[in-house]
2 protein chains.
Amino acid sequence: MNIYDIAKEAGVSPATVSRVLNNHRNVKEETRNKILEVIKGKNYSPNMVARNLSVGISRNIAFMVPDIENPFFSKILHGISDKAMDNDYNVFMFGTAENTQREHKILDSLKIEMIKGLIIIPVSECDQETALRLEEFEAQGVPVVLIDRDIRNGRFDGVFSEDAEGAAGAVECLIQEGHRKIAIITGPSTSRPGHERLKGYKKALENHGIPVNKDYIICGNFMEEDSYKAMMKLLDMDDPPTAVFSSNNMTTLGCLRCLKERRLKLGRDISVVGFDDIKELEYTDTHLTAVTRPVYEMGCEAMRILERRFQDGEEMMGEKLIIQRNLVKTGLIKRGSEKHKEFQEEKQDE
Amino acid sequence: MNIYDIAKEAGVSPATVSRVLNNHRNVKEETRNKILEVIKGKNYSPNMVARNLSVGISRNIAFMVPDIENPFFSKILHGISDKAMDNDYNVFMFGTAENTQREHKILDSLKIEMIKGLIIIPVSECDQETALRLEEFEAQGVPVVLIDRDIRNGRFDGVFSEDAEGAAGAVECLIQEGHRKIAIITGPSTSRPGHERLKGYKKALENHGIPVNKDYIICGNFMEEDSYKAMMKLLDMDDPPTAVFSSNNMTTLGCLRCLKERRLKLGRDISVVGFDDIKELEYTDTHLTAVTRPVYEMGCEAMRILERRFQDGEEMMGEKLIIQRNLVKTGLIKRGSEKHKEFQEEKQDE
DNA sequence: GTGAAAGCGCTAACAC
DNA sequence: GTGTTAGCGCTTTCAC
């Protein structure tokens, strides 16, 4: 069953059927109704592959994430998906497993004709291979939107968060509680969230005249295991910190595992504030204070930017006039893990 | 850049290029090398859309889940994705938000030419509309594989788990701990996991001569909110249960929220065993005992079944001879939440 | 072992 | 307003 069958049945040409299918003007109301009727009667639906071949573009969006199982990314996908469905786009999801090699492979296998746009959380900010491929996509007319992580020296659209501000807020909160010995478990410095959150950490300390202690800065690579080891190292120091700022949800889990093993109580023996909330903890006695952000909305926003780019592309053939880079605001939810017994006593004196 | 350009450059016909591209025999080694060389040199990659149109099928798989953010489903996606990538399939993901209407809409928008196979965790086991559509796909040569949830009276392939056995094991564990008053927060009876787990619960009680108390059976709909209310109701009973079996990860979270509010300690004031583990709890003092299963592998297995069906389809044109329905085994990880102070004292006497 | 040509289903100039 | 026709880029008989 194809467009010719419908045309024959309705006594018109395939072109007219096509016009009706694509809501073109210049079709007599009568003809249109007749055709619509036949379509309904025969339960016909046009072949999208043929359509894509003919017009040269599809309605598929590719979404690439470093870790499929990380709830943070699932939430973004949720936003993208919802927005995509509203506008009849389909979303391909690809997991890069935080591996640049794999990222390149996927990018290479992604034929430009297959997708209309690409939303990506790149593994690394300075990987030239990835950057090159993304530029290639844009050059071919497939817009790229970044989320959360950036591409250094790139001219890509993106949705990011106020990482530095968020981190600073978290550290500020610890300082307010009386902490002076505050450590940070960072993400890789090759990612925007990694270095920006570190910057925020330093900024907050500086603002309060607290010198930055290099030993208190340890890299957790945004991974649980590395963070676990980092936390171990911190605890074993001669002069251990009283508080730790953890750079993302994964590193926070690593901290928690370490604390659990050492039987240290959060918000009493040691303080931890994390970037990004961990939903499940709300159901437990682990009262994590965390920097929050509108994650679902970040996904929606990425789709919005992409669609705008689609329109621009139609209007003015390439030539990116404005780069759309949106920042979402962070919040801070205090739940108690920022506290510490050492400073609580002082407070009672007040 | 298309197949003609390559042909011209290599001094052959497009047909020969096509043969090389598709690894056909009957191409002189020499010609083949020449063509390969040109392809590499020009960095050509064939247009998949055109190819799909020509051969009539794509390498796209659709994956439909009730809840994009549920980690259980993310893990399945991870399995599917990995297996798909190994074999050059692309995966579309769609969230139905546990809503049959939305499920139908997505199914309808999924043109058969677009996808080669469909993996779905259907919202409901008895929704005729969905069943109809799935049968339609199969009739059109697009195989369907179910995961976790079944379609009543359907003849679909699928990967399920030993729900009844798993649930029975969990309840068994509670009984061993001394519990007699054991409640269950069920999933919807319109889903295989829902009714099978209930069946397992009953079975375990019967095995130990414990009468089934209807008041102890409350539906949580596999949703946190409903489960939270269910737990409230249980706790407010005149003769409340000492233990609760929770039918999935979401209902378990509902239980935990309720317990937290009531300031009841898990594994002391009340016992809870859940179906499906909750990873994040391992980092806390909430020592949940849970029924586990190889979730990632369930995703892989679904892809494996699908691929086998693709092969069958090529060999014998439709006619499903064997239905592939695989069951994965469940395990039980005891962490302490199955215990209860009332029975610990007895134990100490022993 | 290779080439010519028809066709997959749709769209969009261009003609009428 | 509507029809004719030439592609979109690839595959696949059928000849040679």
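Per chain, numbering begins at 1; letters A, B, ... match sequence-line order.
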To the nearest Å, give me how far apart [atom1] ([X]) and [atom2] ([N]) are.
| X | N | atom1 | atom2 | answer |
| --- | --- | --- | --- | --- |
| Ile57(A) | dG9(D) | CD1 | P | 14 Å |
| Ile3(B) | dG7(D) | CD1 | C1' | 16 Å |
| Asn23(A) | dT11(C) | CG | C1' | 15 Å |
| His24(B) | dG3(C) | NE2 | C1' | 15 Å |
| Leu21(A) | dA12(C) | CG | C1' | 14 Å |
| Asn2(A) | dC8(C) | CG | P | 8 Å |
| Ile112(B) | dC8(C) | CD1 | P | 15 Å |
| Lys42(A) | dG9(C) | NZ | P | 14 Å |

Phosphate oxygens OP1/OP2 of dT11(D): is one of them under 4.0 Å from a side-chain N or O of Arg51(B)?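 Checking Arg51(B) against dT11(D): at least one side-chain N or O falls below 4.0 Å of OP1 or OP2.
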With a cut-off of less than 4.0 Å, is there a side-chain N or O of Tyr4(B) near OP1 or OP2 of dA4(C)? no
Which distance, rounded to the nearest 0.5 Å, do you find between the CG of Asp157(A) and the CD1 of Ile323(A)? 7.0 Å
Taking dC8(D), dA12(C), dC10(C) as options, the one with an atom nearest any side-chain atom of Leu53(A) is dC8(D)
Find every protein N or O atom lying less than 3.5 Å from an N or O atom of nucleotides 1-4 of chain D, and list the pairs.
unit_1: dT2(D); atom_1: OP1; unit_2: Thr31(A); atom_2: OG1; d: 2.6
unit_1: dT2(D); atom_1: OP2; unit_2: Lys28(A); atom_2: N; d: 2.7
unit_1: dT2(D); atom_1: OP2; unit_2: Thr31(A); atom_2: OG1; d: 3.2
unit_1: dG3(D); atom_1: OP2; unit_2: Ser13(A); atom_2: N; d: 2.8
unit_1: dG3(D); atom_1: OP2; unit_2: Ser13(A); atom_2: OG; d: 3.2
unit_1: dG3(D); atom_1: OP2; unit_2: Thr16(A); atom_2: OG1; d: 2.6
unit_1: dG3(D); atom_1: O6; unit_2: Arg19(A); atom_2: NH2; d: 2.4

Let's go through Arg133(A) and Asp108(A) carefully: what are the C-alpha distance in whole Å and the side-chain angles of both, what is the deciding distance for salt bridge (Lys or Arg N to Asp or Glu O under 4.0 Å) to 0.1 Å, and is it a yes or a no? CA-CA 8 Å; Arg133(A) 286 163 171 82; Asp108(A) 287 336; 2.8 Å; yes
Pick the nucleotide of DNA chain C nearest each of Val55(A) and Ser54(B); which residue has the one closer to the 5' end? Ser54(B)
For a 4.5 angstrom cut-off between non-hydrogen side-chain atoms, does Leu134(A) reach Leu146(A)?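 The answer is yes, as the side chains (C-beta and beyond) meet within the 4.5 Å cut-off.
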Will you find, in the side chains of Glu125(B) and Ser191(B), an N or O donor that is under 3.5 Å from an N or O acceptor? no
Are the side chain of Asn47(A) and the backbone N or O of Val49(A) linked by a donor-acceptor pair below 3.5 Å? yes
Does Asp5(A) offer a backbone N or O that forms a donor-acceptor pair with the side chain of Asn2(A) under 3.5 Å?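 Checked: pair present.
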Under 4.0 Å between any heavy atoms, over every strand shown, what does Asn22(A) touch: base, sugar-phosphate, or nothing? Just pick one. sugar-phosphate
Looking at Tyr89(A) versus Phe310(A), is the centre-to-centre ring distance below 6.0 Å? yes
